[in-house]
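Data block below; observations after.
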Protein chains: 2
Amino acid sequence: MNDRALVHIVDDDEDVRMSLDSLLRSVGLETREHATADSLLSSEADDRPGCVVLDVRLPGVSGLDVQQQLTRLGIRIPVVMITGFGDVPMSVRAMKAGAVDFLTKPFRDQDLLDAVAMAIERDRRRRNDDIDVAAVRGRYLTLSPREQQVMMLATAGKLNKQIAGELGISEITVKIHRGAAMRKMDARTFADLVRMADLMAAVQPRH
Amino acid sequence: MNDRALVHIVDDDEDVRMSLDSLLRSVGLETREHATADSLLSSEADDRPGCVVLDVRLPGVSGLDVQQQLTRLGIRIPVVMITGFGDVPMSVRAMKAGAVDFLTKPFRDQDLLDAVAMAIERDRRRRNDDIDVAAVRGRYLTLSPREQQVMMLATAGKLNKQIAGELGISEITVKIHRGAAMRKMDARTFADLVRMADLMAAVQPRH
DNA sequence: TCACGGGTCATACGATGGTTTGATCCGGCA
DNA sequence: TGCCGGATCAAACCATCGTATGACCCGTGA
């Protein structure tokens with residue numbers, strides 16, 4: 001509901017690319033064509049929702065490896081797999097790796113469009129979530145070290161008095177840091193602050 | 001790390017069942033054999049982690065339909081699909097529906113054991129999460145209607161004074177309800193209460 | 001009829017939270 | 001050298017929270 005979506009088409013067969021391209025454009029989607037995996041990987045990150053339509057059979061590397069590489073690079077764009085020579089283990093691997101769909105050629109146009117629509121919707125949601133988390137995290141980084149400490153201890157349920165004890169400072173100083181944290185985090189209430197702390201803790205925590 | 005896991009084997013071929021049975025028992029897993037989908041569906045719910053090893057080809061219904069039916073019934077036990085006659089669309093449908101894995105016969109014993117182990121681990125985690133949510137929800141239900149209202153408004157960030165205004169009661173009464181909610185919810189701090197409210201809101205909300 | 005739980009409220013008190021004013025100290029940086 | 005942000009603290013003040021005591025009303029069920 002925000003930006004115009006962009007679909008990356010990765011297939012070494014130019015005819016297939018053109019065909020997919022015109023199909024996707026016919027429903028109002030913008031597209032980029034890539035003949036190789038490198039072309040996709042070297043394309044600059046787009047600041048809008050989108051997905052990748054990825055052929056499994058590519059010159060050099062497999063589409064499955066490309067999918068894995070995207071994950072490894074932290075590029076979490078949804079992938080719709082297509083292939084002319086698919087087998088079950090291949091499709092299962094792709095789906096396990098998070099593919100939105102796995103279509104075997106020839107597929108019906110509508111099936112691809114459905115898969116792409118689903119992928120874009122998924123990306124849109126993920127991006128919105130990421131934006132929220134990034135905003136909170138960004139504000140958190142503007143806090144001074146002490147303010148960050150106080151915020152974490154406070155949202156963990158500690159009283160100002162306890163925080164003061166743990167940090168070896170006076171309670172009045174804790175209150176000042178706490179107030180600054182609330183202001184900088186743009187938290188109207190303490191409940192907001194707790195939720196922001198949880199939001200930051202929910203993602204990222206390298207297990 | 002809690003209870004002994006239970007694996008349901010659903011296959012109409014007795015030889016296959018026995019073979020799977022002995023394989024799974026050989027690694028210390030407990031099993032139940034089912035020749036039909038109905039046998040599985042009519043088996044009582046087990047109060048321990050487990051999974052289903054489900055043949056796609058069953059007399060009458062398809063394993064895919066059984067999987068769907070489990071979901072529809074709210075039985076969220078993980079499913080490992082196996083089949084002798086699998087094709088890509090079938091495997092994709094199963095994986096989309098949440099299957100842990102989709103193996104085509106003949107498969108290596110180790111592949112099945114890996115899939116089952118993964119499924120059980122997933123179930124264990126889900127069950128632990130469910131237990132936490134159920135415990136909180138259970139305590140929430142012991143709150144009187146007023147106490148529930150006050151808890152929700154408080155965790156939404158409202159001040160006692162505002163809550164009193166919205167409910168048309170005095171602030172002192174709000175404090176009493178709030179205190180009772182804290183006690184009954186077993187929340188040591190207000191931050192705990194906020195997290196409990198979020199935990200309950202996170203699941204269930206039929207979107 | 002009585003007991004009980006739920007809901008309501010007042011008074012009173014103490015603990016906790018939040019802000020302002022004003023001040024000191026320190027390290028980095030122009 | 002002087003400025004600035006970060007950190008520290010005190011005093012004073014007010015708002016808010018939390019709980020205890022005691023009280024009243026009401027509907028339900030023993």
What are the residues of residues 138-157 of chain B, sorted by number, that bring a heavy atom to within less than 4.0 Å of DNA chain D?
none
For D/dG6, does OP1 or OP2 lie under 4.0 Å from any side-chain N or O of A/His177?
no
Looking just at side-chain N and O atoms, do A/Asp114 and A/Gln110 make a donor-acceptor pair shorter than 3.5 Å?
yes
Is it the case that over 12 heavy atoms from other parts of the model lie below 6.0 angstrom from the CE atom of A/Met152?
yes
Select from A/Thr173 and A/Lys184 the residue whose nearest nucleotide in DNA chain D is closer to the 5' end of that strand.
A/Lys184
Can you check whether B/Ala94's main-chain N or O pairs, donor with acceptor, with B/Gln67's side chain at less than 3.5 Å?
yes
With a cut-off of under 6.0 Å to the ring centre and 45° to the axis, is B/Arg93 in cation-pi contact with B/Phe102?
no
I'd like to know if the side chain of A/Ser39 pairs up with that of A/Thr36 as donor and acceptor (distance under 3.5 Å, no hydrogens or angles considered).
no
Could you check A/Glu147 against A/Met151 for side-chain contact (heavy atoms from CB on, under 4.5 Å), going step by step and ending with a plain yes or no?
CA-CA 6 Å; A/Glu147 286 161 358; A/Met151 169 173 166; over 6 Å; no
I'd like to know if B/Asp123 pairs up with B/Arg126 as an ion pair, taking the criterion as any Lys NZ or Arg NE/NH1/NH2 lying under 4.0 Å from an Asp or Glu carboxylate oxygen.
yes
Is B/Lys96 salt-bridged to A/Asp101, cutoff N-O under 4.0 Å?
yes
Please tabulate, one pair per line, each protein N/O and nucleotide N/O from nucleotides 17-25 of chain C that are separated by under 3.5 Å, including the distance.
| unit_1 | atom_1 | unit_2 | atom_2 | d |
| --- | --- | --- | --- | --- |
| C/dG17 | OP2 | A/Asn160 | N | 3.2 |
| C/dG17 | N7 | A/Lys175 | NZ | 3.1 |
| C/dG18 | OP2 | A/Arg178 | NE | 3.0 |
| C/dG18 | N7 | A/Lys175 | NZ | 3.0 |
| C/dG18 | O6 | A/Lys175 | NZ | 3.4 |

